[in-house]
Amino acid sequence: MRRPANAPTRRRRGPWVRLALLLMLLLYGVPLLWILITSLKSNVEIFANQASVIFKPTLHAYQQIAASGSLGTAMVNSLIIAGGTTLLTTFLGVLTAYGLARYRSQLIWWILGFLILLQMVPQTAEIIPLYHIFAVTGLVNTRLSVVLADSALLLPFAILILRPFFRNIPIEIEEAAAIDGASRLRTFLSVVTPLALNGIVTEAALVFIIAWGEFLYAISLLSNPGDYPVSAVLSQEIGAYNVSWPGLMALAAVGSLPILIVFLMAQRRLASGLSLGAVK
Amino acid sequence: MRTPSLRALCSALPAALLLGATSAASAKTLTVWEYFTGQGPQELKQLAQIFHKKYPDVGVNFVYIPYTQMTNKVVAAASIKTGPDVVLYNGPTIGSLVGAGALANLSSDWAAFSARNQFPKYVVHRVGGKIYGVQGYVNLLGLWYNKTILSKLGISAPPTDIAQLNADMAKAVAAGYQGITLSGKSNDQGEWQAYPWLSAYGWSYAKPTVASCQDAYALVRSWVNHRYLTAEASTWGQTAPFQTFLGGKVLFAENGNWQIGPAQKSAQFRYGVVPMPRGPHPAKLYLGGEVESVGAFAKHPHLAWDFLKTTLFSKAGELVALKVVGSIPSRADASRNKSVLSTPLIAPFAREVQTSGQLYPPEIPGFSSNAVERAQLAMGQQWSAVIAGLSTPASACKAAVSKVRSILGGH
Amino acid sequence: MTAALPAGRRRWRGRHTVLAFVLPGLLYLLLLGLYPLVNLVQMSLSDVTARNIASSAWSLVGLHNFSRVLASPSFAATVPNTLIFVAIVFVLGMAGGLAGAVALESPGWLSQVVLGLMVFIWAMPPVVLGGIWKFILLPQGLANAVAGWFGVNHASDPILWLVWRPFALLSVAVVNGWAIIPFGTLVYRAALMDVPKEILEAAAIDGASPWQQFLRIKFPILRPVTLILAVLTLVYAFRSFDFIYVMTYGGPGVSTSTVPFYSYLESFAQFRFGLGAAVAVLTVLVVAVLSVVYVRATRGAEGG
């Protein structure tokens, strides 16, 4: 399955390609670096010269967010929301995607069309109705409501990502298990799921990443900023003009650490598997 | 050892998910929604201490809601018949909040309040004849100046009219400084800062004219053209321009009394404040500041009213707001206090309250505060567009005035 | 084909048990996905403001909200904004994605680093990316410093990237495009990996230049992928919200508001929920057309 990096061509890169790569390195490396550099500056330095590269680094911004303690709360909220969304979405997504992969009928195109339509609806359009549903059920202002809303947002995406992985599993393998007398559910759990594990991990990583960054449902469904996840805190801080940029960037850097961890764990799968799922 | 803690965790987690972070203390707790930043939380803490002297057993839970989310949250909460005990919010939104049924009618409580005569008329907010909120203090704008730059430029006194202001800014820019900072944001904050200039040219919402609007907006546009003012101001609320002023390279700032604290804390130069400069007419100023209301769905409405009576509607409470944040007390017995009139930074603002204060939002007989709010927003949007250079003063004023007339009638 | 299978196998491929797998997810989406849409349509046909959002007894006003929206000058301004925004994000995402994938085909550590970096950026929360770009684009920020090195401007006369027309809209769109390029790169990269090596080697032996190889062999293989990626990128650009919210909040004025963002402002800044819903319904109609295109493309690719 793993291809060596140089598989497609063994051509040596020309000057244009090298130039393109360097440009991409700058375009994607500098903003990332800039987050770190800014977080190590003092407010005085920012005021004097925002664009400086040589300056006296300070951990002041990090010490401040550590002392305020609000980051810890926000991280826990993010973990609950992104973790809960990943679990719920993956559970429902795996079942549905398997069903859709094995179901042969014209109806399937209608269902897929429905999923894609949902996937395409602007998030802003769903806030008020969702708020009402959660208000009626008494879930509004709870992190659970954000988990449910995020799952509704991401489930179509998860199903579309997962379905090709199940389609790629030859049905004969299941049929062999069926001849041995296993039930459909058991076959699914013991034979199909392990084979699709690659796809499930990819899907779970993507859902976690997107749920970690989601903030619109969070600021709309939660009244108490004590329940806000990191993304919602950041969205309010950046919008608020009286920003301390070093503090904000320190918050962004620390708040993105879990994404780095997920990225490091899933990088290879993301780079090779995502596209397969997303496209077919 | 391990099992019970695990069990506790398992039962606590769903509970935490359901309840959010609300404290489940058995004693009574008042919930207060606010958007205070800077020194604000310090003020609230001291107000709570005053309240605790009378009610030692009642907790006060201040819930910070970001400014831009406040109206949203109160309206949303009211739509499911919940909400805070007390809410501190920006005046012009009172129409939306009352419309959403979020605020309690305080008319009878107010009638029974012995100190009510201490409060001037313009801080008592009525919607449809009923009282829904009162301001314990007022905030208003003044012209801050950088004394250090002023003396370097050889200017002896800060300006009192727009012609002097223009001349001073021209000198400042020629010497490598910036002229002025203000808010040009396309919302209520921008309109709030546009109003002193508009009124200096004779603008009034009761009699909107294109000419008065155009004079004011052409003035601010000329500042951008002459580089007295950066077009970036079109994205600024009221904090960013003052921070820029505190950087020490700008001669003037149009900003409020609530900036006294930040100025004392971080200005590296000498500064002062004077009333807003006059044009053909004297500048008029909105008397802003947070309106205090009891929520329609308060759990403890009587305690909530008592909280307001003992804190922001009391002399002691208003003096706390003055001391910590620089808010101008609205009670007569508090604003006549020596410390108000003798403090150099407070005195100009206190004087302005007497001479040029205006009800905020302005009252237009026969029109709901909701309609006035929309008319103000139309002016604020065009104010922003002119500063950003998206619109000429002429076309901006034509659009704004026709919008205002369509909302508030032709006059 | 089915007829040739033994009876047991045929039952395995039967529909009913499979349907049970689909049900929980489908029900969930009917409740929390489709019902909100129905609710939205109802709201768009009613007079809903902060005053009556709580009660669900809204008075129907027919298409009144739609005619008001379509007559509004602010809405009229958001339509060209949306077209320009979507066009920039789309072109950048597609062309940048393909160029990135082609460049990353070359072996070496640099390719590995760039690929990792791009995937990581793509994974970062949009608020963080929007935030850092907002900082870079401030008057005294890095962007103006770089422009200064090239002599484009002076420090005393900075470019106001997020204020001036048309800079503000272009800046937000380009940053948004920058953020989606890695996705296109990953998709194209996977597709390029599927190009059979033998054919390329044979072509190389026949003396075909890399450019000819690309046009004759790779391009046809990339075509179906391109169609689907195009729809996904279009939709992404169209519903984009996070970057606008963080970087400009649609301003100054409505100069960086797209149609979906305008819908948000109508509902949550003006509390005119009926009008906001009408704008949202208009946007859903547009994406509905795109979803039909997507289904057809997928169907074609799967041969269903």
Side-chain angles (χ1 to χ4, degrees), chain A residues 5-6 8-9 13 17 20-21 24-25 28-29 31 34-35 50-51 92 95-96 98-100 102-103 109 112-113 116-118 120-126 128-130 152 155 175 178 184 209 212-213 215 231 234-235 238-239 245 252 256 259 263 267 270-272 274-276 278-280, chain C residues 9 12 15 17-18 21-22 24-25 28-29 32-33 36 39-40 100 103 105-107 110 112 114-115 117-121 123-128 131-132 135-136 138 140-142 145 186-187 190 192-193 225 228 235 239 241 246 260 263-264 273 280 283-284 287-288 291 294-295 299 301:
Chain A
N6 55 355
T9 54
R13 60 179 118 110
V17 169
L21 283 176
M24 284 153 75
L25 185 69
Y28 288 89
W34 212 242
I35 294 178
Q50 281 174 12
L92 292 172
L95 289 179
T96 314
Y98 171 73
L100 290 177
R102 287 293 182 248
Y103 193 48
W109 299 108
L112 279 181
I116 287 153
L117 180 68
L118 285 185
M120 291 179 176
V121 173
Q123 214 185 332
T124 50
E126 306 252 358
I128 299 167
L130 283 176
L155 185 53
E175 286 166 349
R184 180 129 222 167
I209 283 169
W212 187 271
F215 71 91
S231 54
L234 282 170
S235 74
I238 299 171
W245 286 100
S256 305
I259 295 299
F263 163 76
Q267 184 196 6
L270 283 181
S272 63
L274 144 96
S275 31
L276 180 78
V279 170
K280 289 179 186 162
Chain C
R9 289 198 178 189
W12 190 254
R15 291 161 183 189
T17 40
V18 181
F21 283 86
V22 179
Y28 189 86
L29 287 177
L32 291 180
N39 194 285
L40 184 76
E105 263 197 301
S106 70
L110 188 58
Q112 290 298 301
V114 170
L115 179 66
L117 207 54
M118 288 178 79
V119 178
F120 183 57
I121 286 280
M124 291 278 278
V127 263
V128 172
I132 186 62
F135 181 65
I136 289 175
L138 283 179
Q140 274 76 44
L142 184 62
L186 287 179
V187 170
L192 285 174
M193 281 176 160
V225 174
I228 295 166
V235 170
R239 32 174 302 187
F241 178 84
V246 171
S263 149
Y264 176 81
F273 297 105
T283 64
V284 172
V287 291
S291 65
Y294 180 91
V295 170
R299 208 169 164 177

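A note on names: the letters A, B, ... follow the listed sequences, proteins ahead of strands, and every chain is numbered from 1.
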J.: Go through the atoms of C/Phe135 and report whether side chain, backbone, both or neither lie under 4.5 Å from a heavy atom of chain A.
T.: both
J.: Quick one: pull up CD in A/Glu126 and CG in C/Asn39 and give me the separation to the nearest 0.5 Å.
T.: 10.0 Å
J.: Could you tell me the separation between the CD1 atom of A/Ile35 and the CD1 atom of C/Ile136, rounded to the nearest 0.5 Å?
T.: 8.0 Å
J.: C/Val22: which residues meet the side-chain contact (heavy atoms from CB on, under 4.5 Å) condition with it, sequence neighbours left out?
T.: A/Thr96, A/Leu100, C/Leu26
J.: So which atom in A/Leu155 and which in C/Tyr28 form the shortest heavy-atom distance, rounded to 0.1 Å?
T.: CD2-CD2, 3.9 Å
J.: For the candidates C/Gly131, C/Ala288, C/Pro126, which exhibits the highest count of non-hydrogen atom pairs separated by less than 4.5 Å from chain A?
T.: C/Gly131
J.: Of the non-hydrogen atoms in C/Leu29 and A/Ala152, which two are nearest, and what is the gap between them?
T.: CD2-O, 3.8 Å
J.: With rounding to the nearest 0.5 angstrom, report the CE to CE distance, C/Met118 to A/Met24.
T.: 4.0 Å
J.: Starting at CG of C/Leu40, measure out to CD1 of A/Ile128 and round the result to the nearest 0.5 Å.
T.: 7.5 Å
J.: Looking only at non-hydrogen atoms, find the nearest pair between A/Pro122 and C/Thr283 and report the distance.
T.: CG-OG1, 3.5 Å
J.: Looking at A/Ala20, A/Ser256, A/Ser231, A/Pro31, which has the largest count of heavy-atom pairs under 4.5 Å with chain C?
T.: A/Pro31
J.: Taking only residues two or more places apart in sequence or in another chain, which ones pass side-chain contact (heavy atoms from CB on, under 4.5 Å) with A/Ala51?
T.: A/Asn49, C/Leu142, C/Ala145
J.: Can you tell which of C/Ala103, C/Ala280, C/Pro24 has the highest number of heavy-atom pairs within less than 4.5 Å of chain A?
T.: C/Ala103
J.: Report which part of C/Phe120 has an atom under 4.5 Å of a heavy atom belonging to chain A: side chain, backbone, both, or neither.
T.: both
J.: Work out which heavy atom in A/Gly213 is nearest to a heavy atom in C/Val127; give both atom names and the distance.
T.: O-CG2, 4.4 Å
J.: What distance separates C/Ile121 CD1 from A/Phe263 CZ, expressed to the nearest 0.5 Å?
T.: 10.0 Å
J.: Which pair of heavy atoms, one from C/Ser263 and one from A/Thr124, lies closest together, and at what distance?
T.: OG-OG1, 4.3 Å
J.: Chain A: which of C/Leu32, C/Ile132, C/Val284, C/Val114 shares the most heavy-atom pairs with it under 4.5 Å?
T.: C/Ile132
